[in-house]
A.B. asks: 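Take this structure, written in structure tokens, and hold onto it; I'll ask about it next.
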Amino acid sequence: MRVLAAMSGGVDSAVAAARAVDAGHDVTGVHLALSTAPGALRTGSRGCCSREDAGDARRAADVLGIPFYVWDFAERFREDVIDEFVDAYARGLTPNPCLTCNEKIKFSALAHRARALGFDALATGHYARLSDGVLRRAVDADKDQSYVLAVLTADQLAHAMFPVGDTPKPEIRAEAARRGLTVADKPDSHDICFIPSGDTRAFLGARIGVRPGLVVDEATGDTLAEHEGVHGFTIGQRKGLGIEAPAADGAPRYVTDIDPDTATVTVGTAADLAVTSIRADRAVWTSGSVPTGDLDCVVQVRAHGGLAPATARAVGDGTGIEIDLHEPLTGVARGQAAVLYAPDPAAGDRVIGCGRICAAPSRARAGAA
């Protein structure tokens, strides 16, 4: 089988490519140039797509003895990932750009080109497992990336390979060292790859500009502060609210709601963050068919954490999802993904589907209404 191995320049994708070679596939490595102005060096574990990363990927391909290319996807990445990220924050949403990148770049634009060139599958270094086309969590729970892959359709999964998902990360590094791959000890990338500084608020502010508004109290409606734009806030945020005086009871305040139309940021108590129902749109069902009736499941609303047992159902001809949580969740933000997993551990943490959260009213506001 002809396999295109996406090689980021990190240890995971290098070992994934190596394992594809070991499996007897005809493997070609490709590095995606996603930045219009790549830096020469990474800053520790921050950033990606630097010339250093491209060089690391090329050296890994040389060790494996496979052809290697660099494909320029910078313009597509800017339009489909970065611009969408900025626009979402301007609308009071909290997007996950890794999901968007997987959905629109790696397993859409890249996979489409790969199949047009005669490749049968795309191999990546994501930590997830595929079993008979079924997407499952990785063995290494701390590194599991099935959440950011849940946007993939059944057809995309049928042409995907995740060779490292059955192995804990320390063993991947040890394997890379045995293979003579120089990236064996390279730090993992963290934060958002196109914001190497790690300062998301500054990145967004430079592109959105100043859109002043008010920070108001959930309970009283009193104005507590002014702000320069809703893009500087996310649901559940505690720090950087610009509030000078503490609450009367001394309890911390959290962002509980963001209204981009009025530029109003609402803050309240930890209890005000609790939600018991979620609505999502842009649903993707990994099996390729829309389920009927109620689904017992576990829902995850953030890349790390945010788990709760739930009952879900497809609505709107399968394009939407309604989720009733069996126990409250906090920090649920519009724009995040709600990923549904099979509830039975014996099912191997199977991904059922996902949707983009479009509504998650808090218990406090629902009760007040």
Side-chain angles (χ1 to χ4, degrees), residues 1-32 41-42 44-50 52-70 98 101-102 106-107 110-111 114 119-149 152 157 159-191 193 303-304 348-349 351:
M1 183 164 66
R2 293 191 68 203
V3 173
L4 184 69
M7 303 181 70
S8 66
V11 62
D12 301 322
S13 60
V15 172
R19 289 184 170 187
V21 171
D22 289 351
H25 300 303
D26 178 7
V27 181
T28 296
V30 62
H31 178 80
L32 299 187
L41 298 173
R42 302 167 89 247
S45 61
R46 293 190 183 276
C48 72
C49 313
S50 68
E52 175 188 346
D53 292 316
D56 286 342
R58 185 180 297 277
R59 283 186 286 274
D62 287 343
V63 170
L64 300 178
I66 62 175
F68 178 82
Y69 300 92
V70 175
C98 292
C101 183
N102 287 331
K106 292 177 182 174
F107 295 91
L110 174 60
F119 289 96
D120 303 296
L122 173 66
T124 73
H126 286 100
Y127 280 83
R129 291 178 293 159
L130 278 171
S131 175
D132 296 324
V134 175
L135 180 64
R136 302 180 186 274
R137 288 192 186 277
V139 167
D140 191 331
D142 292 334
K143 291 297 181 180
D144 175 58
Q145 292 174 295
S146 60
Y147 176 86
V148 296
L149 294 168
L152 303 187
L157 290 171
H159 295 87
M161 295 173 60
F162 306 125
V164 302
D166 62 353
T167 308
K169 181 61 175 272
E171 295 181 24
I172 293 295
R173 289 196 179 280
E175 180 178 335
R178 291 195 303 271
R179 292 178 179 274
L181 297 170
T182 59
V183 293
D185 296 320
K186 186 174 181 178
D188 292 339
S189 294
H190 296 294
D191 299 318
C193 70
H304 303 287
D349 289 328
V351 175

A.B. asks: If you take all heavy atoms of Ala160 and Leu130, which pair is closest and at what distance?
C.D. replies: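 Ala160 and Leu130 have their closest heavy atoms at O-CD1, 3.3 Å.
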A.B. asks: Among Thr124, Asp120, Asp26, Thr28, which residue meets the side chain to side chain contact (heavy atoms under 4.5 Å, CB included) test with Leu4?
C.D. replies: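 Answer to the side chain to side chain contact (heavy atoms under 4.5 Å, CB included) test with Leu4 among Thr124, Asp120, Asp26, Thr28: Thr28.
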A.B. asks: Have a look at Phe162 and tell me which of Leu122, Asp12, Leu135 forms a side chain to side chain contact (heavy atoms under 4.5 Å, CB included) with it.
C.D. replies: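 With Phe162 as partner, side chain to side chain contact (heavy atoms under 4.5 Å, CB included) holds for just one option, Leu135.
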A.B. asks: Please find the pair of heavy atoms, one from Ser146 and one from Val351, that lie closest to each other, and give the distance.
C.D. replies: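 Closest pair (atom of Ser146, atom of Val351, distance): CB-CG2, 4.1 Å.
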A.B. asks: Working to the nearest 0.5 angstrom, can you tell me the gap between Lys106 NZ and Leu149 CG?
C.D. replies: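 Spacing of NZ (Lys106) from CG (Leu149) equals 9.0 Å.
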A.B. asks: What orientation do His126 and Phe107 show, parallel under 30°, tilted 30 to 60°, or perpendicular over 60°?
C.D. replies: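 Answer is tilted, since the angle falls between 30° and 60°.
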A.B. asks: In plain terms, say whether Lys186 and Asp56 are close enough for a salt bridge, that is, a side-chain N and a carboxylate O under 4.0 Å apart.
C.D. replies: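 Looking at Asp56 together with Lys186, the answer is yes, because their closest N to O distance falls below 4.0 Å.
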A.B. asks: Sequence neighbours excluded, which residues qualify as side chain to side chain contact (heavy atoms under 4.5 Å, CB included) partners of Ala138?
C.D. replies: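 Ala138 satisfies side chain to side chain contact (heavy atoms under 4.5 Å, CB included) with Tyr127, Asp144 once adjacent residues are dropped.
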A.B. asks: Minimum heavy-atom separation for Ser131 to Arg136, with atom names?
C.D. replies: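 Closest approach of Ser131 to Arg136: CB-NE, 3.7 Å.
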A.B. asks: Treating Asn102 as the side-chain partner and Val148 as the backbone partner, does any N or O pair qualify as donor plus acceptor under 3.5 Å?
C.D. replies: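 Checking the backbone N and O of Val148 against the side chain of Asn102, a donor-acceptor pair under 3.5 Å is found.
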A.B. asks: For Arg19, enumerate each residue passing the side chain to side chain contact (heavy atoms under 4.5 Å, CB included) test, keeping only those at least two apart in sequence or located in another chain.
C.D. replies: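 Expected list: Val15, Pro163, Asp166, Thr167, Ile172, Glu175, Arg179.
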A.B. asks: Taking the side chain as everything from C-beta on, heavy atoms only, tell me whether Tyr69 gets closer than 4.5 Å to His31.
C.D. replies: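 No, every pair of side-chain atoms sits at 4.5 Å or beyond.
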A.B. asks: For residues Phe119 and Val3, report the shortest heavy-atom separation together with the two atoms involved.
C.D. replies: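 Answer, listing the atom of Phe119 first, then Val3: CD2-C, 3.6 Å.
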A.B. asks: If you apply the rule side-chain contact (heavy atoms from CB on, under 4.5 Å), what do you find for Val70 with Val30, and how did you get there?
C.D. replies: CA-CA 6 Å; Val70 175; Val30 62; over 6 Å; no
A.B. asks: Can you see which heavy atom on Val27 is nearest to which on Pro67, and at what distance?
C.D. replies: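 Scanning both residues completely, I find the closest heavy atoms to be O-CD, 3.5 Å.
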A.B. asks: Using a strict 4.0 Å threshold on nitrogen-to-oxygen distance, state whether Arg59 and Asp62 make a salt bridge.
C.D. replies: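 Here Arg59 does not pair with Asp62 in a salt bridge, since their nearest N and O are not under 4.0 Å apart.
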A.B. asks: If I compare all heavy atoms of Pro170 with all of Asp140, which pair ends up nearest, and what's the gap?
C.D. replies: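 Heavy atoms of Pro170 and Asp140 come nearest at CD-OD2, 4.2 Å.
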A.B. asks: Are Asp188 and Lys143 within salt-bridge range, i.e. N to O under 4.0 Å?
C.D. replies: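 Salt bridge: yes.
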A.B. asks: Quick one: list whatever passes side chain to side chain contact (heavy atoms under 4.5 Å, CB included) with Ser13, sequence neighbours left out.
C.D. replies: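 Partners of Ser13 under the side chain to side chain contact (heavy atoms under 4.5 Å, CB included) test: Met7, Ser8.
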